[in-house]
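What follows is one structure encoded as structure tokens, with my remarks underneath.
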Amino acid sequence: MQFDVVVIGGGLAGLSCALRLSEQGRRCAVVSNGQSALYFASGSLDLLAQLPDGTPVAAPLDALPALAQQAPQHPYSLIGASQVAALANEAQQLLQRCGLAMQGDSRMNHLRVTPLGTRRATWLSPQAVPTTPLDAPLPWRSIAPLDAPLPWRSIALLGIEGFLDFQPQLAASSLQRQQGVDVRVGYLHLPALDRLRNNPSEFRAVNIARVLDMPEQHAALAEEIRRLADEAEAVFLPACLGLEDDRALQALQQRLGKPVMLLPTLPPSVLGMRLHQALRQRLVQLGGVLMPGDRALRAEFDGGRVTALYTRNHGDIPLRAPQLVLAGGSFFSNGLSSDINGIREPVFGLDVYDRAERADWCQRDLFAPQPYLQFGVRTDAQLRAVRQGQALDNLYAIGAVTGGYDPLQQGCGAGVSLLGALHVARHIVEQGGDA
């Protein structure tokens with residue numbers, strides 16, 4: 001089977017790369033094994049929130065020179081500061097073309113409210129998520145950033161009766177303590193959800209959203225919120241609305257006459273699923289070929305080039321393409337594997353960042369930065385994957401499968417995926433000329 005580009009991995013990195021290449025006229029196939037990690041994500045996207053030495057970052061682009069000094073192997077350092085800035089703007093435009101309305105700017109992080117009522121610095125957030133500005137009046141190196149309070153002094157923070165994946169009391173306690181906000185806690189009781197409530201395995205955010213998104217449920221939902229919210233200036237709900245778009249949320253706000261905001265829940269995440277579905281739908285519209293439930297198994301090489309890729313579902317029929325992109329994720333998605341002999345990339349046998357001693361893979365302190373999170377495939381500045389010390393001519397590696405950075409401690413996982421995807425797409429197009 002012949003394509004212009006074969007992408008291995010159907011998460012944020014893989015879909016974004018295939019989508020951008022499809023916009024440029026390339027025929028792309030996406031081999032996707034299992035569920036995207038976006039289903040477990042908050043829906044917000046990080047660019048850079050902290051340097052490796054622990055310094056908080058308010059202005060991500062301004063912090064890139066320091067990042068290059070501290071982590072020269074970081075994907076941003078390999079790509080280069082000027083390219084990162086351009087790609088960040090390109091990424092926002094890509095999301096807009098997918099119908100995703102996001103708030104945020106690469107020049108300055110903002111703070112999003114988490115399910116625990118705390119606030120976390122990030123780059124882009126869905127419009128429905130409550131956020132506050134993060135201002136740095138002095139250079140980011142010399143002073144901690146200053147943040148503004150929430151614009152509401154009274155909030156109704158409402159859970160759903162029987163829904164265990166969101167605990168409003170925890171968020172209310174943090175908001176009252178840290179923001180000085182008057183928070184009223186309540187629980188929505190909606191007869192339309194009784195069938196789901198009777199089966200705990202089905203009473204999840206996604207299934208609730210499928211019910212509450214139906215127009216015939218909007219009036220009852222608004223009336224129940226009105227009863228519990230009373231005179232509160234704004235309403236915070238668990239993200240159990242808007243699986244496809246914001247129409248249900250907008251209708252609710254019009255009925256109530258006040259802001260209604262959404263907080264992420266435990267997985268599966270409605271906001272993360274919506275991001276994944278928007279990317280996937282746009283790719284299909286552009287003619288991209290999706291191969292869900294398939295898994296890359298092995299490859300054939302001719303010198304420094306990959307000549308064939310074999311997958312589980314296609315048996316002895318290889319996938320062939322002039323260019324391939326590995327975006328199979330990290331350990332969570334089986335893009336990397338580990339055993340008694342060490343860390344390895346299982347499909348192509350690529351070189352990886354790791355540590356020889358297993359005792360050095362993690363730290364005893366659960367909340368300390370964990371070394372294994374920086375393990376992953378080695379690449380060159382074009383993000384071409386390295387095998388036996390040499391960069392392969394036609395295989396790129398992007399996203400969580402790559403090494404040299406800590407997506408959690410540095411708050412950069414989504415940015416590395418998105419910007420790496422667009423960087424590789426641009427390089428492939430420039431190499432191949434017009435389709």
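On a predicted model such as this, the values are computed, not experimentally measured, just so you know.
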Extract all donor-acceptor atom pairs below 3.5 Å that involve side chains of residues 39-53 and protein atoms in other chains or at least two apart in sequence.
{"from": "S42", "atom 1": "OG", "to": "S44", "atom 2": "N", "distance (Å)": "3.2"}
{"from": "S44", "atom 1": "OG", "to": "S125", "atom 2": "OG", "distance (Å)": "2.9"}
{"from": "D46", "atom 1": "OD1", "to": "T122", "atom 2": "OG1", "distance (Å)": "2.5"}
{"from": "D46", "atom 1": "OD2", "to": "R120", "atom 2": "NH2", "distance (Å)": "3.3"}
{"from": "Q50", "atom 1": "NE2", "to": "Q409", "atom 2": "O", "distance (Å)": "3.4"}
{"from": "D53", "atom 1": "OD1", "to": "T55", "atom 2": "N", "distance (Å)": "3.0"}
{"from": "D53", "atom 1": "OD1", "to": "T55", "atom 2": "OG1", "distance (Å)": "2.8"}
{"from": "D53", "atom 1": "OD2", "to": "T55", "atom 2": "OG1", "distance (Å)": "3.4"}
{"from": "D53", "atom 1": "OD2", "to": "Q70", "atom 2": "NE2", "distance (Å)": "2.9"}

Worksheet, complete the sentence: Output for pair (L188 CG, L193 CG), nearest 0.5 Å, gives 9.0 Å
Discussion item. Quick check for you: to the nearest 0.5 Å, what is the distance between L94 atom CG and S16 atom OG?
Written reply: 5.5 Å
Worksheet item: Okay, side chain of E345, backbone of V347: is any donor-acceptor separation there less than 3.5 Å?
Response: yes
Discussion item. For V401 and L350: C-alpha separation, side-chain torsions, deciding distance, then whether side-chain contact (heavy atoms from CB on, under 4.5 Å) applies.
Written reply: CA-CA 11 Å; V401 76; L350 303 173; over 6 Å; no
Worksheet item: Would you say the side-chain atoms of D165 pair up with the backbone N or O of T265, donor to acceptor, closer than 3.5 Å?
Response: no
Fill in: Side chain proximity check, L266 to F163, heavy atoms < 4.5 angstrom
no
Item to complete: In sequence, state the C-alpha distance, the side-chain angles, and the governing distance for R312 and N33, and then conclude on side-chain contact (heavy atoms from CB on, under 4.5 Å).
Response: CA-CA 10 Å; R312 180 178 56 201; N33 175 37; 3.5 Å; yes
Fill in: Pairing residues for R184 by the salt bridge (Lys or Arg N to Asp or Glu O under 4.0 Å) criterion, not counting sequence neighbours
D230
Worksheet entry | Pairs involving residues 81-91, ordered by first then second residue, that meet side-chain hydrogen bond (donor to acceptor under 3.5 Å, both in side chains) (sequence neighbours left out) | R20-E90, Q83-R426, E90-R426
Item to complete: Determine yes or no for a side-chain-to-main-chain donor-acceptor pair under 3.5 angstrom, with N394 supplying the side chain and P322 the backbone.
Response: yes
Worksheet, complete the sentence: dist F203:CZ -> C240:SG (nearest 0.5 Å) comes out at 8.0 Å
Worksheet, complete the sentence: Residue pairs meeting side-chain hydrogen bond (donor to acceptor under 3.5 Å, both in side chains), one or both in residues 232-256, sequence neighbours left out, come to D245-R247, D246-R274
Worksheet entry | N/O donor-acceptor pair under 3.5 Å between T114 side chain and L116 backbone | yes
Fill in: Donor-acceptor pair, side chain of R26 and main chain of F3, under 3.5 angstrom
no
Item to complete: Mind checking side chain to side chain donor-acceptor pair (under 3.5 Å) for E161 and listing every partner two or more places apart, or none if nothing turns up?
Response: H189
Worksheet entry | Summary of side-chain hydrogen bond (donor to acceptor under 3.5 Å, both in side chains) pairs that have at least one residue in residues 278-293, sequence neighbours excluded | E23-R282
